[in-house]
Amino acid sequence: MIRRPIEPLKMLFVVQGSYFKRLIVPQVLLFIFSFFIYFYQTHIATEPVPLNPSVFAILGISLAIFHGFCNNAAYDRFWEGRKLWGTLVWLSRNIARQVLTLPNVSMAEKQAFIRHQIAFVHSLRQQLRAEDNTANLQRLLTVEEQQAVVGQNFIALRLTQIMGQMLANWQAEQKIDVWQWQSLDNTLGEIAHIQAGCERINNTPIPYAYFVLLHRTVYLYCFMLPFGLGNAIGWVTPFVVSFVGYTFMALNEIVDEISEPFGTGENELPLGMMCDTIETQLAMLSHQQFAPEQKPRVPANVVI
């Protein structure tokens, strides 16, 4: 996610986050195509193509409505992912607070529980991004704790099961009473519910047919537009068509990117930053220290 101050004048020339680099080839092709159509319509053709600009106004309104529908569907997924991870930050703090205030549980056991919670949030992030989480598990867990999860499938699920077993053992050993166990288990259940919500977003994308129709319609509209504007606005046609094309194509890219909110794109959710927040705060509360995670290099104003 890009984090930088909004400066109106500088934003006119900002490339980062504008999809300019990704769209430079179709934009150049559209500009050249528009120029040739304008030149053909005004200097070569004896009978120009009978397309009126008003036709494109009607088509543009219809396309904008469909674009708005797809954008809303994509942003709903982005917004839900944001809410789920914001809730996960709160629940991680809450369960750490609950565990650390238990009077009959040793500090070593409390620290072990919190290590597993930190490992869980990192594992969930890397599961959603299809990344290998072995390095984080080795960084956060002891050698004995690693044996139950490293190299296994469904790591995040296994970690919640291990934390649940720890709570059950404490209750069986009468280190916590039934009410404390129920409260902690309910919090753990809410954390598991967030995992299921993230997996639902990740595993059920917006139907592919929407993207096919949207991309085809946008590109056909943009490459047909010069036929309607060539005779009406003359030599300005390539510039106007390129501007309209950039607007629609960039909106396409935005919809594509935010519809999968858990990726590492410049406009997607900063899951790494949220995991670092949880790790830093829970490690401080439980008096633990961990080696820093090795992360890929990104621009200074981008968090992933």
Side-chain angles (χ1 to χ4, degrees), residues 81-128 133-150 152 154-198 269-295 303:
R82 179 174 177 255
K83 289 193 296 182
L84 287 170
W85 271 84
T87 305
L88 181 58
V89 173
W90 164 63
L91 288 173
S92 296
R93 294 169 179 164
N94 191 45
I95 201 168
R97 175 191 59 79
Q98 290 177 294
V99 167
L100 289 170
T101 54
L102 296 174
N104 299 323
V105 179
S106 69
M107 191 59 182
E109 291 176 301
K110 295 174 183 178
Q111 289 177 332
F113 186 95
I114 289 174
R115 282 197 299 273
H116 282 83
Q117 175 59 26
I118 296 172
F120 167 80
V121 295
H122 283 290
S123 296
L124 179 58
R125 163 179 56 100
Q126 293 177 305
Q127 173 187 325
L128 296 173
N133 60 0
T134 302
N136 266 328
L137 294 174
Q138 293 173 340
R139 180 176 65 88
L140 296 168
L141 302 178
T142 64
V143 176
E144 294 77 11
E145 292 165 347
Q146 292 172 29
Q147 294 175 358
V149 289
V150 172
Q152 302 295 317
F154 311 112
I155 302 297
L157 179 61
R158 289 178 183 273
L159 287 165
T160 56
Q161 193 273 336
I162 291 171
M163 288 187 285
Q165 187 62 56
M166 293 172 70
L167 296 178
N169 291 342
W170 293 348
Q171 197 273 327
E173 297 166 3
Q174 297 185 344
K175 294 179 179 179
I176 59 176
D177 59 35
V178 173
W179 299 108
Q180 290 172 317
W181 169 80
Q182 187 174 31
S183 177
L184 285 163
D185 193 66
N186 286 341
T187 305
L188 191 59
E190 292 180 40
I191 290 172
H193 184 263
I194 287 175
Q195 177 187 353
C198 292
L269 291 173
L271 303 188
M273 182 192 70
M274 296 182 192
C275 290
D276 290 344
T277 298
I278 293 171
E279 178 181 333
T280 302
Q281 294 178 350
L282 268 59
M284 181 270 295
L285 290 174
S286 60
H287 307 291
Q288 299 185 86
Q289 288 186 338
F290 305 105
E293 180 184 4
Q294 298 298 318
K295 294 183 178 179
V303 290

Spacing of [X] atom [atom1] and [Y] atom [atom2] [to the nearest 0.5 Å]:
{"X": "Gln138", "Y": "Leu141", "atom1": "CD", "atom2": "CG", "result": "9.5 Å"}
{"X": "Leu188", "Y": "Gln117", "atom1": "CG", "atom2": "CD", "result": "7.5 Å"}
{"X": "Leu184", "Y": "Leu102", "atom1": "CG", "atom2": "CG", "result": "5.5 Å"}
{"X": "Cys198", "Y": "Leu271", "atom1": "SG", "atom2": "CG", "result": "8.0 Å"}
{"X": "Ser123", "Y": "Gln195", "atom1": "OG", "atom2": "CD", "result": "9.5 Å"}
{"X": "Leu159", "Y": "Leu137", "atom1": "CG", "atom2": "CG", "result": "6.5 Å"}

For the residue pair [X] and [Y], what are the closest heavy atoms and their distance?
{"X": "Pro103", "Y": "Gln180", "result": "CD-NE2, 4.4 Å"}
{"X": "Pro292", "Y": "Arg139", "result": "O-CD, 3.8 Å"}
{"X": "Gln171", "Y": "Trp181", "result": "CG-CB, 3.7 Å"}
{"X": "Phe120", "Y": "Ala156", "result": "CD1-O, 3.4 Å"}
{"X": "Met107", "Y": "Leu100", "result": "CE-CD2, 4.0 Å"}
{"X": "Ala112", "Y": "Glu145", "result": "CB-OE2, 3.5 Å"}

Got a donor-acceptor contact below 3.5 angstrom from the [X] side chain to the [Y] backbone?
{"X": "Thr277", "Y": "Met273", "value": "yes"}
{"X": "Thr160", "Y": "Leu157", "value": "yes"}
{"X": "Gln111", "Y": "Ser286", "value": "yes"}

Any heavy-atom pair between the side chains of Val105 and Val99 that's under 4.5 Å?
no
Is the closest side-chain heavy-atom distance between Gln182 and Asp185 below 4.5 Å?
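In short, these two side chains do not touch, never coming nearer than 4.5 Å.
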Other residues, nucleotides and ligands only: do more than 12 of their heavy atoms fall within 6.0 Å of CZ on Phe154?
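No, not enclosed.
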Run Leu140 and Glu279 through side-chain contact (heavy atoms from CB on, under 4.5 Å) and show every step you take.
CA-CA 10 Å; Leu140 296 168; Glu279 178 181 333; 4.2 Å; yes
Report the C-alpha separation of Asn169 and Gln165 in whole Å, then their side-chain angles, then the decisive distance to 0.1 Å, and conclude whether the side chain to side chain donor-acceptor pair (under 3.5 Å) test is met.
CA-CA 6 Å; Asn169 291 342; Gln165 187 62 56; 3.0 Å; yes
Verdict with supporting geometry, Ile162 and Val149, side-chain contact (heavy atoms from CB on, under 4.5 Å):
CA-CA 10 Å; Ile162 291 171; Val149 289; 3.8 Å; yes
Determine which pairs satisfy salt bridge (charged side-chain N to carboxylate O under 4.0 Å, His left out) with at least one residue from residues 155-179, sequence neighbours left out, and list them in order.
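Matches after skipping sequence neighbours: Glu109-Lys175, Glu173-Lys175.
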What donor-acceptor contacts under 3.5 angstrom involve side-chain atoms of residues 81-91, with partners at least two apart or in another chain?
residue	atom	partner	partner atom	Å
Thr87	OG1	Lys83	O	2.8

Between Glu293 and Arg125, is there a salt bridge with N-O shorter than 4.0 Å?
yes
